[in-house]
Amino acid sequence: MSGQRERVLGSLRQLYRLIQRLPLAQKQMALQEARATTASRRSETSQQTVLHHMKELAAKLAYLRVITPRHPGDAAKAAGRYVLREGQLVEGSGESAGSRAANGTTSREEALRGNAEHFKRFYGADKPKSMFF
């Protein structure tokens, strides 16, 4: 039961944080609605009803995440994205400007050799010499 309580409280914290991002006119109305709904549902004991309310809360959170603007400090509060580069775990995305022939970081021959290696790995056969008959 305490695990469910923690999930509910965590979701309510997220709800109130997202409501704080709304414009002032919407914020007041949303806060009143959230407080009234929370107070009326606090003493609910039926598991089915609690589950239904949790689903409704999750839907409201998802909607608020879409419509509310993000603040610059919000990225630090969320989980980061980490990738392994040259044996080190660094924060960033999996995409890199990388080694491409188009931006001049690798030669054309090296890019073609890499392409042939990938083709063999993906398709299990050497790349055909000519694309036409």
Nonpolar side-chain network containing F119, other nodes, edges under 4.5 Å: F122, Y123
Can you list the residues that meet the side-chain contact (heavy atoms from CB on, under 4.5 Å) rule with R121, with sequence neighbours excluded? H118
Rounded distance (nearest 0.5 Å) linking atom CD of E33 with atom OG1 of T38: 9.5 Å
To the nearest 0.5 Å, tell me how far L18 CG sits from R21 CZ. 5.0 Å
So does A34 get a backbone contact from the side chain of T37, meaning a donor-acceptor N/O pair under 3.5 Å? no
Between the CG atom in L61 and the CE atom in M54, the distance rounded to the nearest 0.5 Å is 8.5 Å
May I ask you to check whether over 12 heavy atoms, not counting those of Y63, lie within 6.0 Å of atom OH? no
Side chains of T45 and V50: does their closest heavy-atom pair fall under 4.5 Å? no
Find the distance between CD1 (I19) and NZ (K60) and round it off to the nearest 0.5 Å. 8.5 Å
Cluster question for you: counting only ILVMFWY and a side-chain heavy-atom cut-off of under 4.5 Å, with indirect links fine, are M29 and L15 together? no
Taking E117 first and then R113, would you say they form a salt bridge - that is, a charged N and a carboxylate O separated by under 4.0 Å? yes
side-chain contact (heavy atoms from CB on, under 4.5 Å) for R65 and Q14? Distances and angles first, verdict last. CA-CA 10 Å; R65 280 189 201 110; Q14 282 183 334; 3.2 Å; yes
List the steps and the verdict of side-chain contact (heavy atoms from CB on, under 4.5 Å) for L31 and L22. CA-CA 10 Å; L31 272 173; L22 290 171; over 6 Å; no
For E56 and R41, what are the C-alpha separation, side-chain angles and deciding distance, and is it a side-chain contact (heavy atoms from CB on, under 4.5 Å)? CA-CA 12 Å; E56 186 180 325; R41 295 178 177 175; 3.3 Å; yes
Other residues, nucleotides and ligands only: do more than 12 of their heavy atoms fall within 6.0 Å of NZ on K120? no
So, using side-chain contact (heavy atoms from CB on, under 4.5 Å) as the criterion, who are the partners of L51 when residues are at least two apart? Q48, K55
Nearest 0.5 Å, what's the OH-CZ distance between Y16 and R35? 6.5 Å
From CG (N115) to CD (E110), nearest 0.5 Å: 12.5 Å
